[in-house]
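Input: a single structure, listed below in structure tokens.
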Amino acid sequence: MPVRLYNTLGREIEDFSPLNKDEVRIYTCGPTVYGYPHIGNYRAYIFADTLKRVLLYSGYHVKHIMNLTDVDDKTIRDSQKEGKSLKEFTEFYSKEFFKDIESLNILPPSKFTKATDYVNEMVEIIKKLLDKKIAYKSEDGSVYCDIKKFKNYGKLSNLVLEEQKENAGGRITSDEYDKENVQDFALWKAWDEKDGEVFWDTELGKGRPGWHIECSAMAMSNLGEQLDIHTGGVDNIFPHHENEIAQSEGATGKQFVKYWMHNEWVLVDQKKMAKSLQNFYTLRDIINKGISPLAYRLWLLTANYRTRVNFVWEALEGAETALKRLQNAYKALGSDIGKIDEIYQKQFKNFVEDDLDTPKAVALLWDLLKDEKVVNADKKATILDFDKVLGLGLENLKEEKIPEEISKLAEEREVARKNKDFKTSDELRNKINTLGYEIKDEDSGYSINKI
Ligand code: AMP
Ligand code: ZN
């Protein structure tokens with residue numbers, strides 16, 4: 001069975017077949033480094049990470065590029081507010097982002113690209129678009145993409161807005177806008193006072209790139225003119241990804257991306273979690289409540305990436321309890337690593353290759369833990385195999401060293417239990433509990449875990 005993925009272009013689940021069978025090339029729109037990302041943003045990166053892990057699990061080689069938007073309207077605005085240079089300001093938040101993705105056990109991409117390192121490449125694309133008359137210079141020296149010249153404009157975001165396109169005579173300078181404002185968008189923004197120190201002197205004049213061209217340049221410079229998969233959150237579909245297609249395909253004449261994939265939103269009180277709505281939480285808020293970032297990962301995995309999830313603290317606390325249970329159960333499996341159970345593995349692979357059905361994959365993990373027919377060592381091997389995709393960091397868990405006093409009490413209890421002296425056995429169990437450990441009877445004996 002091939003991997004099957006939902007392609008926003010065409011809006012259906014398709015069999016995945018890479019352009020070049022030796023390597024899958026993926027580009028993920030990364031963070032704008034102007035503050036701490038909120039946990040909604042991290043859904044986009046956990047989703048991209050899960051996708052990558054599934055492809056690796058299926059035997060593909062993957063080249064994955066993620067960018068850091070370190071120049072755009074927001075980074076310039078907020079660095080000025082803080083009286084810092086753009087570089088100092090964005091480097092700080094880039095480092096915080098790296099720490100966060102490590103704590104979420106997100107595999108680093110093959111490369112992080114910074115937009116400011118690719119200005120020359122952006123200028124080259126814009127020059128091609130000017131030559132082909134797909135772009136034009138405005139009175140102030142900015143360059144805009146003429147969306148009417150690109151006949152497929154609107155295909156990704158399903159702009160049934162033919163009329164709107166017809167009426168789209170104007171231009172839009174801001175990086176972010178909605179469908180109500182379908183207009184020619186800025187590829188290059190001529191310098192104005194608000195930009196302060198931030199500008200490049202190029203063949204296009206003094207100015208800075210628009211946000212959308214950044215991703216086209218970084219993607220094509222690192223992955224070639226045609227990519228297999230491009231990911232982002234659904235709010236990137238319009239205008240960002242629509243504009244990426246227009247610029248890239250306008251410049252090369254080739255299809256830019258074969259599979260466009262997007263994660264749905266994390267909501268709060270049924271509204272999109274967003275910085276602008278002030279209804280967001282960061283990973284720091286989670287950690288300050290004593291909850292592991294991996295519990296957030298687990299919580300997201302229990303929903304399909306294409307469904308909206310409403311964030312409430314109770315749900316995350318539930319995920320934390322589930323994660324602890326999982327970790328304890330895993331540690332209780334002992335130190336031997338046996339053979340991967342092939343039946344479970346096949347089921348797991350079918351689930352995750354079916355458009356990343358992680359809810360079913362997580363449920364299967366619990367079924368396996370409960371399955372008495374699979375011996376502990378094989379369970380351990382199979383769970384470690386599953387965790388290559390789930391990324392819950394189980395392989396890093398140290399086996400619990402049980403203090404000698406607890407082992408002795410547990411042994412005494414086992415003797416009492418075998419002699420059917422249940423009173424003593426219960427007393428010893430309670431004593432073990434008060435010392436912070438719990439004992440679980442199993443077919444083959446018992447296991448001890450920290451509570
Ligand atoms: P930004 O830094 O605003 O460009 O957003 C980074 C990523 O997070 C993009 O892929 C967005 O689509 C995604 N994103 C933003 N808000 C949410 C949300 N509430 N839920 C899920 N993804 C989001
Ligand atoms: Zn992007």
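Whatever order the structure lists ligands and atoms in, that order sets their numbers, starting from 1.
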Query raised in the report: Where on T69 is there a heavy atom closer than 4.0 Å to ligand 1, on the side chain, on the backbone, on both, or on neither?
Result: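 The answer is neither; T69 stays 4.0 Å or more away.
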Query raised in the report: Where's the contact between E264 and ligand 1, heavy-atom distance under 4.0 Å: side chain, backbone, both or neither?
Result: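 For E264, only backbone atoms sit under 4.0 Å from ligand 1.
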Query raised in the report: Would one find an N, O or S atom of C29, in either backbone or side chain, under 2.8 Å from the Zn ion (ligand 2)?
Result: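 C29 does place an N, O or S atom closer than 2.8 Å to the Zn ion (ligand 2).
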Query raised in the report: Is the Zn ion (ligand 2) less than 2.8 Å from an N/O/S atom of H240, whether that atom is in the backbone or a side chain?
Result: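 Yes.
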Which atoms from ligand 1 have a heavy atom of [X] less than 4.0 Å away?
{"X": "N263", "result": "21 (C), 22 (N)"}
{"X": "N41", "result": "5 (O), 6 (C), 7 (C), 8 (O), 13 (C), 14 (N), 15 (C), 16 (N)"}
{"X": "Y45", "result": "6 (C), 7 (C)"}
{"X": "M273", "result": "16 (N), 18 (C), 19 (N)"}

Requested in this report: Quick one: pull up CD1 in I287 and OG in S292 and give me the separation to the nearest 0.5 Å.
Outcome: 8.0 Å
Query raised in the report: Could you state the interatomic distance from CD1 (I65) to OH (Y27), rounded to the nearest 0.5 Å?
Result: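 Answer rounded to 0.5 Å: 8.5 Å.
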Report task. Flag this pair as yes if the NZ/CZ of K380 is under 6.0 angstrom from the six-membered ring centre of Y330 and inside a 45 degree cone about the axis; otherwise no. Result ->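 Relative to the ring axis of Y330, which defines the angle, K380 lies inside both limits.
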Query raised in the report: Is NZ or CZ of K84 both nearer than 6.0 Å to the six-membered ring centre of F89 and within 45° of the ring axis?
Result: no
Query raised in the report: Would you say ligand 1 has an N or O under 3.5 Å from any N or O of W265?
Result: no
Query raised in the report: Less than 3.5 Å between some nitrogen or oxygen of V266 and one of ligand 1, yes or no?
Result: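 There is such a contact, yes.
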Which residue owns the protein heavy atom closest to [atom], what's the atom, and how far is it?
{"atom": "atom 11 (C) of ligand 1", "answer": "D235 OD1, 3.3 Å"}
{"atom": "atom 3 (O) of ligand 1", "answer": "K74 NZ, 4.1 Å"}
{"atom": "atom 2 (O) of ligand 1", "answer": "T32 N, 3.4 Å"}
{"atom": "atom 9 (C) of ligand 1", "answer": "N236 OD1, 3.5 Å"}

Requested in this report: From atom 22 (N) of ligand 1, work out which of G233, G40, G232 has a heavy atom at the shortest distance.
Outcome: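 Comparing heavy atoms across G233, G40, G232, the nearest one to atom 22 (N) of ligand 1 lies in G40.
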Query raised in the report: Between K258 and L9, which heavy-atom pair has the shortest distance, and what is it?
Result: O-CD2, 4.5 Å
Report summary line: Closest non-hydrogen atoms of D355 and N304, given as atom of the first, atom of the second and distance, are O-ND2, 3.9 Å
Query raised in the report: Less than 4.0 Å between a side-chain N and a carboxylate O, is that true for D354 and K360?
Result: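 Salt bridge flag = no for D354 with K360.
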Query raised in the report: Are any of the side-chain nitrogens in D378 or K339 under 4.0 Å away from the carboxylate oxygens of its partner?
Result: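 Between K339 and D378 there is no salt bridge, as every charged N stays at least 4.0 Å from the carboxylate O atoms.
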Requested in this report: Using a 4.5 Å cut-off on heavy atoms from C-beta on, say whether the side chain of R297 contacts that of L390.
Outcome: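 The answer is no, as the side chains (C-beta and beyond) never meet within the 4.5 Å cut-off.
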Query raised in the report: Taking C-beta and beyond as the side chain, do Y259 and E14 meet within less than 4.5 Å on heavy atoms?
Result: yes
Query raised in the report: At a 4.0 Å cut-off, with the gap strictly under it, does some heavy atom of H38 reach an atom of ligand 1?
Result: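 The answer is yes, since H38 has a heavy atom less than 4.0 Å from ligand 1.
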